[in-house]
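In what follows, a single structure is set out as structure tokens and then discussed.
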Amino acid sequence: MFAISRHFIKLNQLSISFSHHHYHSQSQHKTILPNLNFSLYEQKLQQREVLETKLISLLNGCNNINQIKQLHSHLIRKGLDQCSFVLAKLIRILTKLNVSIDSYPRLIFNQVRYPNAFLYTSVIRGYSLLGPFDEAILIYSRMRWDGIRPVSFTFSALFKACAAKLDVELGRQIHAQTFFIGGYESDLFVGNTLIDMYVKCGFLDCGRCVFDEMPERDVISWTSLIVAYAKNGDMNVAGELFEGLPEKDMVAWTAMITGYVQNAKPKEALKMFEMMRDAGVRTDEVALVGGISACAQLVAEKHAQWILDVADKEGLSPVKNVVVGSAFIDMYSKCGRVEEAYRVFESMKEKNVYSYSSMIVGFAMHGKADEAMKLFYEMVETETKPNRVTFIGVLTACSHAGMVQQGRRLFASMQKDYGVVPEADHYACMVDLLGRAGHLEEALELAETMPLEPHGGVWGALLGACRLHGNPDIAEIAAKHLFELEPNSIGNYILLSNIYALAGRMEDVSRIRKLVRGKGLKKNPGCSWVEAKDGNIHEFYAGEMTHPKSNEIKKELEKLLDTLKREGYKPNLSSIVYDISDGEKECLLKTHSEKLALSFGLLTTTAGSPIKIVKNLRVCEDCHLVMCGASRITKREIVLRDNMRFHHFRDGVCSCGDFW
DNA sequence: TTAGGGTTAG
């Protein structure tokens, strides 16, 4: 009750003070209203409106804070320093320029005695976008206290703040208020931001409820929900929603494309991209990035060429557009063509932290540590500041090349020289670097003493290093943490059992196997794929001979292995931990998917052209050995991407230096 | 004033 009566008092004050301030003369004549010159009043009002409109259009043209400050002092001179409408616009522009609301904008706001709903909302919105988010809520409380009725944008801004804070409880409270103060719950904007708030906080069902109950929906409501389902891994529901969407715009299409990409369904993503083009929808840089990422996942360069053509047609070639360019760098790197990636990088007119980082990560993946470091120092010379990903790139580069000292120095300088605070991921890189280089004790110590809680990546790096150097004792420590953090990740169990097998501890091997069986975990089948001459992708699963050409593939492989054996190749049986005879182990090795893919590649691609294979798991020792030999005998370059990195086999040698 | 995005380690 108190709030309501106060509301009316304030509203009265507001109207009086408003005219009082700006139209001093009129308000003085308030008691003798019959004598008031209405035409003069209207004229003044009109003048003011013209001035306001002019100021707002001037504000729209502002793109730096100094211009705004100039306009602000002009505003004060004109007696408009209390004009909420213009000031609201001013604060909106400042927000757009990322000017911290706590500084200059807050000062402006504080000087206004009776801010209206728009001014309040612009400040709330500023805080909601730039933080501190709590301040948005405080200003809203003050607004309510002052009896100012929110507008729908006020709620949009507030829900944005709740989403940023991931505070669904607060969001719910404010949601309830939309019912009580004016029926905002049926407003389209409010509904859309509500959906977004709920799904960002992880309450997809609540978002769905809002959606279902909205009296009116637009393409934005649908897209919000499609994205939410996609992020939740539920592409079926996302697809159903998309089907039901009456008018699909570019953003909705893009949401589907990137949804498929994020859920590792690149084929579906490319199909969507094609359908979008067929539907005659425009393609912007975000949509293109979706298509390019899909190609990167598939290692489908023929498709990438098509996307490049689309980009050119839209005037968004990698040379002109930094976003598209960075995506192409990443794609070419992941397709094994790091030189092509660098060609794109060099051709780009504008470069930013994404372009540099993508290129550095690309070099790192391909074992080109020197190039990665060189580019990093080049980057430092420019205005572009390295970020957390850049450091993951350079640290990985050092790690793959065994550059321990260099890596240590970089790690130490991250925060000191570049202001990038090391996160668990960076510690994982350091553990990897030390562990790979054989400093297992030191790596363990780092994992145990790091100031942050180590995550799976840290212990996983240590476990991987233990496999490389055959250290079951430290492996056990790492595995213990991993089994707690990632109890259902089968790879960790396999890795540990491999380490036991290498050390001849067969009892431990069977213990782990029993553990895995007890948990009902299934081994991921090894899978490799290779792009044939016509651009079609052929998949091979370990132990599966279902390909139409499987007889020829088998024959070609036998031929290759015989030649290798005559030259001294001995199958490396160590990666098979089953308790079976050596003969059986050798047979099993022959069915590894990357060998099948290699054989298919030898059969079907043109002599002299490189064979490119992608594998979902880490390549095994024996396959690595065979790839080396095959590259020498057949005089073919073999590029193999496993789940870790690239291997370039040329003339019997691998770029990883047998160190992976 | 609300929806889609590029670089990430074992």
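Chain naming here is simple, since letters A, B, ... match the order of the sequence lines and numbering starts at 1 in each.
- Under 3.5 Å, the side chain of T193(A) and the base of dT2(B) form no donor-acceptor pair of N or O atoms.
- Residue Q262(A) has no polar side-chain atom (N or O) positioned under 4.0 Å from OP1 or OP2 of dG4(B).
- A donor and an acceptor atom never sit less than 3.5 Å apart when one is taken from the side chain of S224(A) and the other from the base of dA3(B).
- Among dG4(B), dG6(B), dT7(B), the nucleotide with an atom closest to any side-chain atom of M250(A) is dG4(B).
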task: Evaluate side-chain hydrogen bond (donor to acceptor under 3.5 Å, both in side chains) for D330(A) paired with S333(A), printing each intermediate quantity in order.
output: CA-CA 5 Å; D330(A) 175 57; S333(A) 299; 5.9 Å; no
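- Using a 4.0 Å cut-off between a side-chain N of Lys or Arg and a carboxylate O of Asp or Glu, K320(A) and E285(A) do not qualify as a salt bridge.
- At whole-Å resolution of the value, CD in E486(A) and P in dA9(B) are 14 Å apart.
- Between K248(A) and dA3(B), a side-chain N or O to OP1/OP2 separation shorter than 4.0 Å is absent.
- Base contact: L482(A) has a heavy atom under 4.0 Å from a base atom.
- Using modelled atom types, no side-chain atom of N492(A) and backbone atom of A479(A) make a donor-acceptor pair closer than 3.5 Å.
- Summarising the geometry, the separation between CG on L194(A) and P on dT2(B) is reported as 14 Å, rounded to the nearest angstrom.
- The distance from atom CD1 of I292(A) to atom C1' of dT7(B) is 13 Å, rounded to the nearest whole Å.
- What separates NZ of K200(A) from P of dT2(B) is a distance of 11 Å, to the nearest Å.
- Picking from dT7(B), dT2(B), dG4(B) the nucleotide with the shortest atom distance to the side chain of I220(A) gives dT2(B).
- Remark: C1' of dG5(B) and CG of L316(A) are 13 Å apart, rounded to the nearest angstrom.
- One atom, OH of Y427(A), and another, C1' of dT8(B), lie 18 Å apart when rounded to the nearest Å.
- For the residue pair H400(A)/D432(A), the side-chain donor-acceptor check at 3.5 Å is not satisfied.
- The side chain of E285(A) lies closest to dG5(B), out of dG5(B), dG4(B), dA9(B).
- In this structure, G456(A) reaches the bases: a heavy-atom distance under 4.0 Å links it to at least one base atom across the strands shown.
- With dG4(B), dG6(B), dT8(B) as the candidates, the nucleotide lying closest to the side chain of S326(A) is dG6(B).
- One interatomic measurement links the two molecules: NZ of K334(A) to P of dG6(B), which rounds to 10 Å at whole-angstrom precision.
- Considering only the side chain of T396(A), dA9(B) comes nearest among dG4(B), dA9(B), dG5(B).
- For an aromatic pair to be called close, the ring centres must be under 6.0 Å apart, and F363(A) with F345(A) fails this.
- Closest to the side chain of I392(A), out of dG6(B), dT8(B), dT2(B), is dT8(B).
- Each of dG5(B), dG10(B), dA3(B) was ranked by its minimum atom distance to the side chain of D249(A); first place goes to dA3(B).
- With dG10(B), dG4(B), dT8(B) as the candidates, the nucleotide lying closest to the side chain of R388(A) is dT8(B).
- Of all nucleotides listed (dG10(B), dG4(B), dT8(B)), dT8(B) comes nearest to the side chain of D330(A).
- Atoms CG (L434(A)) and P (dA9(B)) sit 18 Å apart, rounded to a whole Å.
- The side chain of V361(A) sits closest to dT8(B) out of dA3(B), dG10(B), dT8(B).
- Contact check, R436(A) against dG10(B): a side-chain N or O comes under 4.0 Å of OP1 or OP2.
- For dT7(B), the OP1/OP2 oxygens have no side-chain nitrogen or oxygen of K351(A) closer than 4.0 Å.
- The residue from Y229(A), F242(A), F211(A) that alone fulfils the ring-ring contact (aromatic ring centres under 6.0 Å, His included) condition with W222(A) is F211(A).
- Counting atom types as modelled, D284(A) pairs no side-chain N or O with a base atom of dG5(B) as donor and acceptor under 3.5 Å.
- V431(A) comes within 4.0 angstrom of no nucleic acid atom, judged by non-hydrogen atoms across all strands.
- Residue contacts shown for D432(A) are limited to sugar-phosphate atoms, with no base heavy atom under 4.0 Å away.
- Nucleic acid contact class of A465(A) (heavy atoms, under 4.0 Å, all strands): none.
- Taking the ring centroids of Y120(A) and F109(A), they lie under the 6.0 Å cut-off.
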